[in-house]
J.: 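Pasting a structure here, questions to come.
A quick note: this is a predicted structure, and the numbers were derived from the prediction, not measured. Because only heavy atoms are used, hydrogens play no part in the values below, and waters and symmetry mates are left out as well, while side chains stay in. In the text below, chain A, chain B and the rest are named by the order of the sequence lines, each starting its count at 1.
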Amino acid sequence: MPELPEVETVRRSLAAHVVGQQIVAVDVRRSDVVAAPEHGEMFPMALMERTIEGLERRGKYLLMALSDNLWLVVHLRMTGRWVLTAPETPEPAHTHVILRLSGGQELRYTDPRRFGRLRLVSADGLALCPGLSTLGPEPLDPAYRPEHLAEALARRTTRIKALLLDQHVIAGLGNIYADEALAMAAIHPDRPASSLTTDEVACLYQSIQRVLQAGIDAKGTSFRDYVDGEGQKGAFQEQLWVYGREGEPCRRCGGTILRAKRGGRSAHFCPYCQV
DNA sequence: ACGGTGCCCTGGCCGC
DNA sequence: TGCGGCCAGGGCACCG
């Protein structure tokens, strides 16, 4: 499930190979993964012969800068993958889009659950892109400070974990890194957001940055499906404190990690040292 | 504006 | 071995 560190790892692993290459063929197998342009033939036509000028990331969005001021905006959601492979490599199941590059390799988009979406927009249209235009601050941006997090949590009655998952509040956290950041900060996920003290917000701010950076350093968490642009798994699952560790001892206090349903998804935490 | 719920979608897993 | 049911969860529509 790609969150900020996974998308950043995909970005880095692909950028080294694809930037500067031209798209010489486009094959769309399932047009329902293409959210824009809506007309089926426009997407491949517009991509043809464009040069990939850069790869960027914003929150969990992967942004491919193309020649002629075009952007390919990608959200991988749960099971989306971009993998660069030789054309003779057998095609994996659920391959929905293939971009043949001038270097001879294929950039393949696969997504078993088809939650992910590709959106081709002009540079002007980028600001109007659903999701992207209302995205909250980038947590690893040096301009992002603890005061910004404090302001976003003030007067909010909802659970702190629900706010961390809200992409308008802060961009890039998903279920894994939200649980991990709260565990590192020793804050209970059910705490009302506005109940956090200034010190707790500062600690949470630092925990968010540390857990995201550690995730990037480990090239992401490969809990189920995630691989990077070269098909490689990440290693952060080996360092997890709470996510997927129900019934196991807390790495800080030895207490038993709990898993509880919150708003349709599971929260993992140590009920003894997360208060 | 805010908080909460349900939906999409399929592979994998569990129990019978 | 087969099959039904459930679970994983990001983003958004929708409701009160």
J.: Please state whether the phosphate of B:dG4, meaning OP1 or OP2, lies under 4.0 angstrom from any side-chain nitrogen or oxygen of A:Thr158.
T.: yes
J.: A:Val201: which residues meet the side-chain contact (heavy atoms from CB on, under 4.5 Å) condition with it, sequence neighbours left out?
T.: A:Leu149, A:Ala150, A:Leu153, A:Leu196
J.: A:Arg159 CZ to B:dT5 C1': how many Å, rounded?
T.: 13 Å
J.: Test A:Phe236 against every option in A:Phe223, A:Tyr177, A:Tyr226 by the ring-ring contact (aromatic ring centres under 6.0 Å, His included) rule and name the one that passes.
T.: A:Tyr177
J.: Rounded to whole Å, how long is the line connecting atom CD of A:Glu246 with atom C1' of C:dA8?
T.: 14 Å
J.: Which value, rounded to the nearest 0.5 Å, describes the distance between A:Lys219 atom NZ and A:Glu230 atom CD?
T.: 8.5 Å
J.: Expressed as a whole number of angstroms, how long is the span from A:Leu163:CG to B:dG3:C1'?
T.: 10 Å
J.: To the nearest angstrom, how far is A:Asp166 atom CG from B:dG3 atom P?
T.: 9 Å
J.: How would you list, by chain and number, every residue that makes a side-chain contact (heavy atoms from CB on, under 4.5 Å) with A:Gln206, sequence neighbours excluded?
T.: A:Arg210
J.: Give me each pair satisfying salt bridge (charged side-chain N to carboxylate O under 4.0 Å, His left out) with a member in residues 84-93 of chain A, each pair once, sequence neighbours excluded.
T.: A:Arg29-A:Glu91
J.: With the sugar-phosphate defined as primed atoms, P, OP1 and OP2, and the base as all remaining atoms, what B/S/- string results for nucleotides 10-16 of chain C, 5' to 3', for protein heavy atoms under 4.0 Å?
T.: BBS----
J.: For A:Arg262 and B:dT5, is the shortest distance between a side-chain N/O and OP1 or OP2 below 4.0 Å?
T.: no
J.: Can you name the side-chain contact (heavy atoms from CB on, under 4.5 Å) partners of A:Pro37, sequence neighbours left out?
T.: A:Met42, A:Phe43, A:Leu120
J.: For A:Glu147, what residues pass the side-chain hydrogen bond (donor to acceptor under 3.5 Å, both in side chains) criterion, not counting sequence neighbours?
T.: none
J.: Tabulate atom names and distances for all N/O pairs under 3.5 angstrom spanning the protein and nucleotides 11-14 of chain B.
T.:
residue: B:dG11; atom: OP1; partner: A:His94; partner atom: NE2; Å: 2.9

J.: With a 4.0 Å cut-off on heavy atoms, is A:Ser266 in touch with a base, just the backbone sugar-phosphate, or nothing at all?
T.: sugar-phosphate
J.: List for me each residue that meets salt bridge (Lys or Arg N to Asp or Glu O under 4.0 Å) alongside A:Lys161, sequence neighbours excluded, and say none if there are none.
T.: A:Asp179
J.: A:His17: which residues meet the ring-ring contact (aromatic ring centres under 6.0 Å, His included) condition with it, sequence neighbours left out?
T.: none
J.: Angle, rounded to 10°, between the helical axes spanning five pairs at each terminus of the helix from B:dC2-C:dG16 to B:dC16-C:dG2?
T.: 50°
J.: Name all residues meeting the salt bridge (Lys or Arg N to Asp or Glu O under 4.0 Å) criterion together with A:Arg57; count only those two or more places apart in sequence or in a different chain, and write none if there are none.
T.: A:Glu8, A:Glu138
J.: Please list all pairs passing the salt bridge (charged side-chain N to carboxylate O under 4.0 Å, His left out) test where one or both residues lie in residues 120-135 of chain A, with sequence neighbours left out.
T.: none
J.: Would you say A:Lys261 reaches C:dA8's phosphate, i.e. side-chain N/O to OP1/OP2 under 4.0 Å?
T.: yes
J.: Taking for each residue the nucleotide of DNA chain B with the nearest heavy atom, is it A:Arg155 or A:Arg117 whose nucleotide lies nearer the 5' end?
T.: A:Arg155
